[in-house]
Amino acid sequence: MEEYFASGHTACAGCGMPITVRHALNVLGKDVIVVNATSCLEIVSSAYPRSAWGVPYIHSLFENSGAIAAGAVASLRVQGNDHTKVVVFAGDGSTYDIGFGVLSGMLERNDDVLYICYDNEAYMNTGNQRSGSTPFGAATTTSPAGKVNHGKMQWKKPIAEIIAAHQIPYVATASIGYMADFESKVRKAKDMKGARFILTLAPCVTGWNYDSSKTIELAKLAVDTGLWMLYEIEDGKFKLSLRPQQFKPVADYLKMQARFKHLSEEQIKTIQEHMNKAWAEMK
Amino acid sequence: MKKTVEVSIAIAEAVKNCEPDVVACYPITPSTHIAETLAKFYADGELKSFIATESEFASISAICGASAAGGRAFSATSSQGLALMHEVVYAAAGMRLPIVMVVGNRALSAPLNIWCDQQDSVAERDSGWIQLYCESAQEGVDTAIQAFKIAESTLLPVMVGVDGFYLTHTVEQVEVPTVEEVRKFLPKFQPKVKLDPENPISMGEYATPEYYQGFREDVHRDQLAAKSRIVEVDKEFEQVFGRSHGGLAQGYRLEDADYVFAGMGSVIGNAKEVVDELRAKGKKVGVLKIRSLRPFPGEEVRKLLEGKKHVAIFEKSYSLGSFAPVYADVINSLYPLRKRPVVSSFIGGLGGKDVPTKTVHEVFKMIKKREPLEIWI
Amino acid sequence: MKLAIANPRTSKENKTGDWRSFKPIVHTENCIKCGTCASYCPEGCISGVDKKNIQEREFPKIDYDYCKGCGICANECPKKTIEMVQEEK
């Protein structure tokens, strides 16, 4: 198999992000251009004079990937290249927060770009600071568990829904714990035109603080507890990809990670109820 | 063919005739008419693409992506727009992306002010971009075309400064080269490297302390090397179109002058007018036009000013808490001389404050003495 | 003129295997060549079982030059045929 994301990258042992990238690229093949936001992914893959990438790659800044990609694809198309796919890989910091305005512009213009956000739920590149994606209750260095506050006191921003409100052709959520589902979503998005967005949960060993062997187990458990919903919104039509037969308790997921270790039973209950409500609202 | 047209429209037409692959703009006074005109060209099928972005930050990012993918790319902005682009301005130069941007020069907030000065682009002078400032409408049109040739042969992005309103909004007779004419001067863009699945290199790598400084130094060395390229391109332009605009820096009635008015942009036109009047009265006075702020033509300025008695620099920006920027560069350039002219700094025209020819006459009276002055006129 | 560009896959010069404190050992007797280990390996350093065609698959071969010893392969192996053994240093 051709390597599009090579060994020798310097991601932490057990990191969920390279698993995401490797599988996405295996589906996308060689005729792509990767645009990468400043992130863990950028740092571990593109330290001069080396690169892990086996496909053309550009990193510019933290918050401009959507526009770099928009310009790159416009440039390719006017030069007569109507086949090469432009793909963004960005973390949640860049997607939910600092690069959100630029991303929104890209979506509104329906630029022919596949945007994949690997979501590890905090600014992990700078050492685990809270982002708009950090879930309720998670302790980060800027939402620490203290005497008054118990980690992040706000709910996670519903980014996929916000993106879907731009009425782009394709929005999907995925988890590397359900790899076949993720791959099939990338495959579907690959051959569509216009702006496509896939949000993938990619656990972070150091930030979430769990044993490095548990990355896939956690990514699966996030789905099985119902905390991470897998769905697609294709041309405005919502389709659930998976409804767990029997929801596992959210505590099973939370208790595996030290970022939630300070939570009281009461707070865990709050999270469970919030999750139950979200599913109850689903038909 | 000469036509009477608003200068922004003429500049947009010149840019269109350079056949850019991607134009991305966001409206901001006083560069908006450039964006609007290019958008109309795209709507009429005369421009290959036009991305109407949601911010200036996205505009410059989009043209960086377009350039990296092998296309010729352009944007225009002013003031707050350029300030919002700041992060990308540095990245574009560091990544050696030969993009071109016209800046309709305007004051920076606060207080909010939409009128002309040059603080916006002067504030970006350390970024690695080549910066050319235009004296006249025709120079704005011609420099926009020259900029692509300079950028693409040096792999340094080029910013073309045209004074907001004074140049962007005046209606003048200008010559706008046609596509066919531009083709005689500007070859097709042949990128040295680009994003290409057949040759999958990585661009925009990050550099550790071991490498970072080397990249910065390299941009500086290439800036200095670009001095000769700017002069050459102006000459090549003259061969095709019969017009040149002074390369890096140019004297006007300077050879036997004892007193000199110096500056950048449209103020040079006023200064020349006053010099003609004073020369008619037998005064030995001339003008030094600085066209290239970066790379700064230190040696050229030194040669042109050697032996002069007093140089008055008109400045449309200021490094608050320090000195006026052009003044500081001129002083540095003159330092190696054993006998240096007196240099004075006249800060005027900030936020559109009028600098009429009457004021230039007053400045001439002030520099008759041999003591250096700094005056906010 | 220097450009901050790099050639593809040059990261292979980084031998990240020396980060490892636990080493995965494959006990092939129970291995069903399902490829789960290779699929989930963050380093992409498990070969042999990554072929599409099951007939062509071999037992997993771990490239210890790059394996960081995260243990995902051992944790995810449905047959529990991969053992994490403390590195001797």
Side-chain angles (χ1 to χ4, degrees), chain A residues 2 4 28-38 42-81 83-86 88 99 101-109 111 113, chain B residues 19-24 26 42 47-73 75 84-85 87-88 90-92 94-95 97 99 189 191 193-208 210-212 214-215:
Chain A
E2 191 131 11
Y4 301 122
L28 294 167
K30 67 176 286 198
D31 195 12
V32 303
I33 286 172
V34 166
V35 177
N36 185 200
T38 306
E42 174 249 332
I43 294 299
V44 305
S45 69
S46 69
Y48 181 82
R50 293 172 190 169
S51 170
W53 299 87
V55 287
Y57 167 91
I58 182 169
H59 158 257
S60 170
L61 295 167
F62 193 5
E63 69 279 39
N64 70 352
S65 297
I68 292 279
V73 77
S75 183
L76 290 176
R77 298 298 179 256
V78 301
Q79 291 175 73
N81 175 335
H83 47 86
T84 301
K85 316 281 178 197
V86 175
V88 174
V102 170
L103 171 58
S104 178
M106 186 203 99
L107 302 170
E108 184 267 332
R109 291 187 303 268
D111 293 316
V113 175
Chain B
E19 302 174 273
D21 294 293
V22 176
V23 172
Y26 186 84
Y42 176 60
L47 189 68
K48 287 183 246 181
S49 72
F50 181 88
I51 307 176
T53 58
E54 76 293 338
S55 69
E56 291 90 349
F57 181 83
S59 296
I60 186 171
S61 297
I63 65 168
C64 284
S67 179
R72 177 174 288 162
S75 188
L84 186 61
M85 290 177 173
E87 192 187 2
V88 199
Y90 272 68
M95 290 175 77
L97 298 171
I99 56 178
F189 177 39
V193 293
K194 64 172 181 176
L195 297 166
D196 177 9
E198 295 306 317
N199 177 29
I201 53 148
S202 294
M203 297 175 78
E205 295 253 309
Y206 93 88
T208 53
E210 190 183 354
Y211 298 107
Y212 178 84
F215 285 116

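First the proteins, then the strands, lettered A, B, ... as listed; each starts at 1.
- From B:Arg72, atom CZ reaches atom OG of B:Ser67 across 10.5 Å, with rounding to the nearest 0.5 Å.
- Contact annotation for A:Arg50: only backbone heavy atoms (N, CA, C, O) come within less than 4.5 Å of a heavy atom of chain B.
- For the set B:Pro197, B:Pro20, B:Gly204, B:Ala91, the count of heavy-atom pairs under 4.5 angstrom toward chain A peaks at B:Pro197.
- Contacts of B:Phe57 with chain A are made by side-chain atoms alone, with heavy-atom separations under 4.5 Å and no backbone atom involved.
- Each of A:Val55, A:Thr38, A:Leu76 has some count of heavy-atom pairs under 4.5 Å with chain B, and the biggest count is that of A:Val55.
- No other option in A:Val78, A:Asn81, A:Val32 has as many heavy-atom pairs under 4.5 Å with chain B as A:Val78.
- The shortest non-hydrogen separation linking A:Ala67 to A:Val102 is N-CG1, 3.3 Å.
- Considering only heavy-atom pairs separated by less than 4.5 Å from chain B, the leading option among A:Leu61, A:Val86, A:Thr84 is A:Leu61.
- Only the side chain of B:Glu198 comes within less than 4.5 Å of a heavy atom of chain A; its backbone N, CA, C and O stay farther away.
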What do the steps show when you test B:Met203 against B:Leu97 for side chain to side chain contact (heavy atoms under 4.5 Å, CB included), and what is the final call? CA-CA 11 Å; B:Met203 297 175 78; B:Leu97 298 171; 4.2 Å; yes
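- Taking chain B as the reference chain and counting heavy-atom pairs below 4.5 Å, the highest number among A:Gly105, A:Ala69, A:Pro56 is found for A:Pro56.
- Among B:Ala52, B:Cys64, B:Ala68, the residue with the largest count of heavy-atom pairs under 4.5 Å with chain A is B:Ala52.
- For chain B, the nearby parts of A:Glu63 are the backbone and the side chain; heavy atoms of each come within less than 4.5 Å.
- Heavy-atom pairs under 4.5 Å with chain A were tallied for B:Ala207, B:Ala66, B:Gly71; the largest tally goes to B:Ala66.
- Most heavy-atom pairs under 4.5 Å with chain B: of the set A:Ile33, A:Asp31, A:Ile43, this distinction falls to A:Ile43.
- Remark: the A:Ser46 side chain and the A:Trp53 side chain contain no N/O donor-acceptor pair separated by less than 3.5 Å.
- Your options are B:Ile60, B:Thr53, B:Thr208, B:Ile63, and the one with the most heavy-atom pairs under 4.5 Å with chain A is B:Thr53.
- Nearest heavy atom pair, residue A:Arg109 against residue A:Ala70, reads NH2-CB, 3.7 Å.
- Residues B:Ser202 and A:Ser51 come closest through the heavy atom pair OG-OG, 2.6 Å.
- Note: A:Ile68 CD1 to A:Ser60 OG = 3.5 Å, rounded to the nearest 0.5 Å.
- No other option in B:Asp21, B:Asn199, B:Leu195, B:Val22 has as many heavy-atom pairs under 4.5 Å with chain A as B:Leu195.
- To the nearest 0.5 Å, the span separating OG on B:Ser75 from CE on B:Met85 amounts to 4.0 Å.
- When B:Ser49, B:Ser59, B:Ala73, B:Gly70 are compared by the number of non-hydrogen pairs under 4.5 Å with chain A, B:Gly70 comes out ahead.
- When heavy atoms are compared at a cutoff of 4.5 Å, B:Ile201 approaches chain A solely by way of its backbone atoms N, CA, C and O.
- Neither the backbone nor the side chain of B:Tyr212 comes within less than 4.5 Å of any heavy atom of chain A.
- Atom OH of A:Tyr57 sits about 5.0 Å away from atom CD of A:Glu42, to the nearest 0.5 Å.
- Checked options B:Lys194, B:Met95, B:Glu205; the residue passing with A:Ile58 is B:Met95 (criterion: side chain to side chain contact (heavy atoms under 4.5 Å, CB included)).
- Between the CD atom of A:Gln79 and the CZ atom of A:Arg77 there is a distance of 11.0 Å, given to the nearest 0.5 Å.
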